[in-house]
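Let me begin by presenting the structure, written as structure tokens, before commenting on it.
Predicted model, so just to flag it, every value in this text is computed and none were measured.
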Amino acid sequence: MKKKTFILCMLLIGLLGLCSCGSSSSGFKGNTQNAVKEQDSDKEIPGLTFERSMKLKFAENFAVDYYKGDYTLLTTTRDQGKFLVVPEGKKVPENIGSDITVIQRPVKNIYLVASSVMDNFAAMDGMDAITFSGLKEEDWYIPEAKSAMKRGDMVYAGKYSKPDYEMLVSKNCSLAIENTMITHSPEVVEKLTDFKIPVIIEYSSYESHPLGRVEWIKFFGALLGKEEQAEKIFSEQEKILNQVTADEKTGKTVAFFFITSNGMVQVRQSMDYVPKMIELAGGQYIFENLGDPDTHRSSINMQVEEFYHGAKNADYLIYNSSIDGGILSVQELLDKCGVLSDFKAVKEGNVWCTTNDMYQQSLSTGYLIQDIYGMLHGGDEKQMRYLFHLE
């Protein structure tokens, strides 16, 4: 009797276990299906069939989705700007919604104000898409941009806050690509939009990882239909990063700064991509917890006295020359700010400077990390591209 009772109990336990497993599995499947449906619903566009999303490794501020028939949806996730790129010869889907802006291929007559994006177009052989520049010829360090303006293929159409609307409209500008400075002039965006000129704001400077900034080339590659070229260029920078990323930290501290025209010292906030580059190269940014992450600003100005107390003992100084045209000697730096003579790095001869074109070369990230790595590890200065030693 006891044996029969035991067997019966075991059978009941087994049945209960099966029921339990069935319920759990069914519930999990249902939740997964609901999640997938909810995710897909965010990508639904009337008249189009969603196929896939671009896989990103580092960038967090844009997304690219692909639809049947070679339609592409570009999204700048920070401001939820959505841009449907329609293939040449294809119709614009009906009832796509007022939150989606249509861009028709071939993409031509772009007004490029975001100067750090120019090298993206140059690297992908996409300069023919740009007709209007937010910089004058003498302000460009990108050879392709200078040449295009010299030939007249690209013309100056005003800076971000004062575009030449008459020129842009009369010459059929199809798209304005702005950097985040345009957020300080919302009336410009409104007026460009009134003139039927779409505005894309690129947020590459908001990326926390250096290669997140580089990965924006995939966004513009998708805009032009040059994804393959963009992927190749990005992979080259990623390869460089993998080669120089330091497994062991040097313990050396680095200050990255610039002296403003009014005598302030501009430094990077600790969460910016430049401190991250220093970290990847094996160094340590001298300001560990500087700035407010909620502001999403890349830099901050401080008084000389504050910079003195925070960076006096830094092992290395890197002067950011991409704003004021640069310096060629330590003495020129001391002429800008005499108190730097007391700094450890100045006394020990560890003062470096970036080249003038660094800011416009967003695809320089891998090489700049490589240069910083060389600086920290006693590398050959002749092999460096964007850093040079100050005597």
Side-chain angles (χ1 to χ4, degrees), residues 56-61 116-120 122-123 141-142 203-218 230-258 266-288 290 298-299 311 314-323 326 345 350-390:
L56 301 174
K57 293 186 176 181
F58 300 97
E60 300 175 341
N61 289 288
S116 63
V117 170
M118 182 66 79
D119 68 335
N120 285 223
Y141 291 104
I142 309 297
Y203 290 93
S204 63
S205 62
Y206 280 48
E207 300 293 347
S208 58
H209 195 285
L211 282 190
R213 185 169 181 249
V214 177
E215 200 162 21
W216 271 79
I217 193 171
K218 296 181 182 180
E231 181 62 45
K232 182 179 179 181
I233 294 165
F234 173 78
S235 296
E236 289 172 355
Q237 291 294 305
E238 186 179 24
K239 183 179 179 180
I240 294 171
L241 175 64
N242 292 334
Q243 290 173 344
V244 301
T245 297
D247 294 328
E248 295 183 7
K249 303 303 179 184
T250 63
K252 301 294 185 179
T253 53
V254 181
F256 188 95
F257 69 104
F258 160 72
Q266 186 180 97
V267 298
R268 297 285 177 155
Q269 296 206 69
S270 301
M271 69 292 298
D272 180 59
Y273 68 89
V274 172
K276 183 65 175 178
M277 285 195 286
I278 294 170
E279 178 187 338
L280 289 170
Q284 178 184 337
Y285 186 55
I286 192 66
F287 298 105
E288 294 185 28
L290 181 67
S298 61
S299 60
D315 295 300
Y316 292 86
L317 296 181
I318 299 178
Y319 187 74
N320 180 14
S321 71
S322 60
I323 302 175
N350 289 324
V351 183
W352 295 72
C353 186
T354 67
T355 56
N356 297 346
D357 61 343
M358 187 197 74
Y359 177 74
Q360 292 181 13
Q361 299 276 5
S362 63
L363 298 180
S364 68
T365 299
Y367 295 118
L368 183 55
I369 295 173
Q370 190 176 55
D371 290 351
I372 297 172
Y373 180 93
M375 178 190 77
L376 295 171
H377 294 82
D380 185 359
E381 183 185 348
K382 294 180 181 178
Q383 301 298 318
M384 297 183 184
R385 300 185 182 217
Y386 297 104
L387 276 186
F388 61 93
H389 187 249
L390 292 181

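- Residues Phe256 and Asn320 form a side-chain contact, since some pair of their non-hydrogen atoms from C-beta on lies under 4.5 Å apart.
- Here the rule is side-chain contact (heavy atoms from CB on, under 4.5 Å) with Trp216, and of Leu56, Asn61, Leu363 only Asn61 fits it.
- At least one donor-acceptor pair under 3.5 Å links the side chain of Ser321 to the backbone N or O of Thr354.
- Checking side-chain atoms of Gln237 against main-chain N and O of Gly366 turns up a donor-acceptor pair under 3.5 Å.
- At least one donor-acceptor pair under 3.5 Å links the side chain of Glu381 to the backbone N or O of His389.
- Taking each heavy atom of Ala281 and Ile369 in turn, the nearest pair found is CB-O, 3.8 Å.
- For Ala345 against Asp315, the heavy-atom pair with the smallest separation is CB-O, 3.5 Å.
- Residues Asp371 and Phe388 form no side-chain contact, since every pair of their non-hydrogen atoms from C-beta on lies 4.5 Å or further apart.
- Between Gly283 and Thr250 the shortest heavy-atom distance is CA-OG1, 3.9 Å.
- Of the possible donor and acceptor atoms, one in the side chain of Glu207 sits under 3.5 Å from a partner among the backbone N and O of Glu60.
- Contact detail for Phe257 and Leu317: the closest heavy-atom pair is CE2-CB, 3.9 Å.
- A donor-acceptor contact shorter than 3.5 Å is absent between the side chain of Thr253 and the backbone of Gln284.
- Looking only at side-chain heavy atoms (C-beta outward), Lys57 and Glu215 come within less than 4.5 Å of each other.
- Screening Arg268, Glu279, Lys276 for a side-chain contact (heavy atoms from CB on, under 4.5 Å) involving Tyr285 leaves a single residue, Arg268.
- Side-chain N/O atoms of Ser299 and Asp272 include no donor and acceptor closer than 3.5 Å.
- The distance from the CE atom of Met375 to the CG atom of Leu387 is 6.5 Å, given to the nearest 0.5 Å.
- At least one side-chain heavy atom of His209 sits under 4.5 Å from a side-chain heavy atom of Leu280.
- Salt bridge Lys239/Glu236: absent, no basic N to carboxylate O contact under 4.0 Å.
- Geometric assessment of Arg385 against the ring of Tyr367 yields a positive cation-pi assignment under the 6.0 Å and 45° thresholds.
- At distances below 3.5 Å, not a single donor-acceptor pair connects side-chain atoms of His377 with backbone N or O atoms of Gly379.
- Between Ser116 and Ser362 the shortest heavy-atom distance is O-OG, 2.8 Å.
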### Task
Step by step, work out the side chain to side chain contact (heavy atoms under 4.5 Å, CB included) result for Phe234 and Leu211.
CA-CA 8 Å; Phe234 173 78; Leu211 282 190; 4.3 Å; yes
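- Of all heavy-atom pairs spanning Phe287 and Val267, the tightest one is CE1-CG1, 4.0 Å.
- When side chains are defined from C-beta on, Ile372 does not count as touching Val254, because their heavy atoms never get closer than 4.5 Å.
- Remark: of the listed residues Tyr206, Tyr273, Tyr203, Phe58, Tyr273 is the sole one forming a side-chain contact (heavy atoms from CB on, under 4.5 Å) with Arg213.
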